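Only one structure is covered here, and it is reproduced in the block below.
This one's a predicted model, so the numbers in the text were calculated from it and none came from an experiment.
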Amino acid sequence: MSDAKVNPYLILAIGVISVSTSAILVKVSSAPSGILAFYRLFFTVLLMSPVFFLKYVKELKLITLRDWMFSILAGVFLAFHFILWFESLHYTSVASSTVLVTLQPLFAFIGAYLFFQEKLTAKALLSAVLAVAGSFIISWGDFRISGSALWGDILALIACALITGYLLFGQTIRKRLSLMTYTYLVYVISSIVLLLYVFVQSESLGPYPKEDWIYFILLAIIPTLLGHTLFNWSLKWLSTSTISMAILFEPIGASLLAYWLLGEKVLMTQVLGGMVIMTGVTLFLIEERKLKKLTQVSEVKTDAL
C-alpha cells in the first residue's frame, strides 16, 4: 500500500463512480438496447486493439479448442447480459435495475456450487435468502407501480444471471491468459454476436443523433475501460473482497446520479429492498473470504504433511 503513488482507495472510488454512469448513459440515449450494447463493445475493442496487437497477440497461441468454446459462450452471455440489462432500464428505474444486477456474487456462488462443487455454508445460505428477500421487496414495490416495472426487474435479474455465466466460463481460461487477452477476445466475440443480433432485429447501425454517438463512446470509455481498468489496477494493492464490497456502492452512485440528472424518485421499497440485498451480499462476501482463508490453511497443512 505504501508503494502506491496514488491512494488505492481513491482510485477504487473513481472506479465505482465510473461504472455508476453506465445506467445513466443508457437512459439518456435514444438508441435501441442492441445498438447501445454493440457500439459500447465495438468502440471498446477499437480502443483496446493497439495495445493488444503490440503486446498480447502472441498469447492467442496458448488458447485451446476448449478455451475457444468457453470464450464463445462467455461472449454470447456477455452480449445478452448487456441487451437485457439495457432493455430493463426502459421499463424500471435505475435504482431497481442496478440493485438487482448486484446480486451477481450470489448467482456466482450458486453456479460455483452446481458446477465446481464448492462448499455451501449455513451463513452463505442465509445471505442468499436475505438477498432474494430484498429482490422480492423491490419487485413488489415496482409491481404496485406497474406491470412494466416488474418486467424490467425480471429482465435485470436475467441479465445478472447471464453476467455470472460469463464470469464462470472465463474462470478456467483466465488461469492461462492475461486479463487483457481474455477480455479482448471475449469483447470481440460479443461484438460479433451483437452485430448479428441487430441485423436479425433489423435495427439500423445509423444514422443516430450526435448525442447518441457521444453516449456510445462514453459507454466504452468511462464504465467499460476506465471503471473496470481501475478495478484491475486496484487488485495490486487491495483484496478482491474489498473491491467486491466497493462495487456494491454502484447502485447507490447510479441512483444518486439518476436523481440529480434524470429526476428519478427513489421509492421506500427500493431503499428497503436495496438495504436487504446489500446486507445479504455483504454477509456472503465476508463468509466467502473466511472460507477461502480456511481452505488455504488446510492446503498448507496438507502440503506440510
Side-chain angles (χ1 to χ4, degrees), residues 6-48 78-79 81-104 152-153 155-156 159-160 162-163 166 183 187 190-191 194 208-234 243-266 270-271 274 277-278 281:
V6 183
N7 189 322
Y9 289 104
L10 174 62
I11 297 299
L12 185 58
I14 295 172
V16 171
I17 294 170
S18 298
V19 297
S20 298
T21 63
S22 181
I24 307 301
L25 291 169
V26 172
K27 276 278 194 180
V28 295
S29 174
S30 62
S33 300
I35 293 294
L36 273 167
F38 168 70
Y39 279 122
R40 173 177 180 166
L41 289 181
F42 175 71
F43 283 123
T44 300
V45 168
L46 288 183
L47 292 168
M48 291 174 69
L78 181 63
H81 156 76
F82 279 131
I83 291 170
L84 293 183
W85 182 44
F86 290 176
E87 193 66 20
S88 77
L89 289 164
H90 294 305
Y91 295 97
T92 191
S93 67
V94 168
S96 292
S97 183
T98 52
V99 166
L100 292 170
V101 167
T102 58
L103 283 167
Q104 179 268 319
D153 293 346
L155 290 176
C160 183
L162 288 170
I163 196 67
Y166 153 72
T183 303
Y187 283 2
S190 194
S191 296
L194 287 165
Y208 287 99
K210 179 179 66 176
E211 292 79 8
D212 277 341
W213 289 104
I214 294 172
Y215 299 146
F216 298 156
I217 295 171
L218 288 178
L219 276 168
I221 294 174
I222 300 177
T224 310
L225 285 178
L226 181 61
H228 291 284
T229 300
L230 292 180
F231 290 151
N232 295 328
W233 180 90
S234 301
I243 294 170
S244 298
M245 297 284 280
I247 293 173
L248 294 180
F249 286 96
E250 178 188 348
I252 298 173
S255 299
L256 289 173
L257 288 173
Y259 176 77
W260 288 329
L261 301 176
L262 306 178
E264 279 196 4
K265 294 181 180 179
V266 181
Q270 293 170 335
V271 174
I277 287 177
M278 296 299 177
V281 176

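A pairwise comparison of heavy atoms in Ser20 and Val16 identifies OG-O, 2.7 Å as the closest pair. The shortest non-hydrogen separation linking Leu219 to Arg40 is O-NE, 3.8 Å. Across Ile24 and Ala258, no two heavy atoms sit closer than the pair CD1-N, 3.5 Å. In this structure, Thr98 and Ala254 approach most closely via the heavy-atom pair CG2-CB, 3.9 Å. In plain terms, the two heavy atoms of Leu262 and Lys27 that are nearest each other are CD1-CB, 3.7 Å. Closest approach of Thr92 to Ser97, counting heavy atoms only: CG2-CB, 3.9 Å.
A distance of 8.5 Å separates OH of Tyr215 from CG of Leu218, quoted to the nearest 0.5 Å. Annotation: the span from Ile83 atom CD1 to Leu78 atom CG amounts to 10.0 Å, rounded to 0.5 Å. Taken to the nearest 0.5 Å, the CG atom of Leu194 stands 11.0 Å off from the OG atom of Ser33. Rounding to the nearest 0.5 Å places CG of Leu155 at 10.0 Å from CG of Leu89. Taken from CG in Leu230 to CG in Leu225, the straight-line distance is 10.5 Å, to the nearest 0.5 Å. To the nearest 0.5 Å, the span separating CD1 on Ile17 from CG on Leu226 amounts to 10.5 Å.
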Next on the checklist: Test side-chain contact (heavy atoms from CB on, under 4.5 Å) on Ile35 and Tyr208; report intermediate values, then the result.
Outcome noted: CA-CA 10 Å; Ile35 293 294; Tyr208 287 99; 3.3 Å; yes

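The aromatic rings of Tyr39 and Phe216 sit parallel, their planes meeting at an angle under 30°, below the 60° perpendicular limit.
Looking only at distances, no side-chain donor or acceptor of Ser29 sits under 3.5 Å from a matching main-chain atom of Leu25.
In this structure, Tyr187 has no ring-ring contact (aromatic ring centres under 6.0 Å, His included) partners at least two apart in sequence or on a different chain. In terms of the side-chain contact (heavy atoms from CB on, under 4.5 Å) criterion, residue partners of Leu162 (sequence neighbours excluded) are, by chain and number, Phe77, Phe80, His81, Leu84, Ile158. Checked against side-chain hydrogen bond (donor to acceptor under 3.5 Å, both in side chains), Ser190 has no partners two or more places apart in sequence or in another chain.
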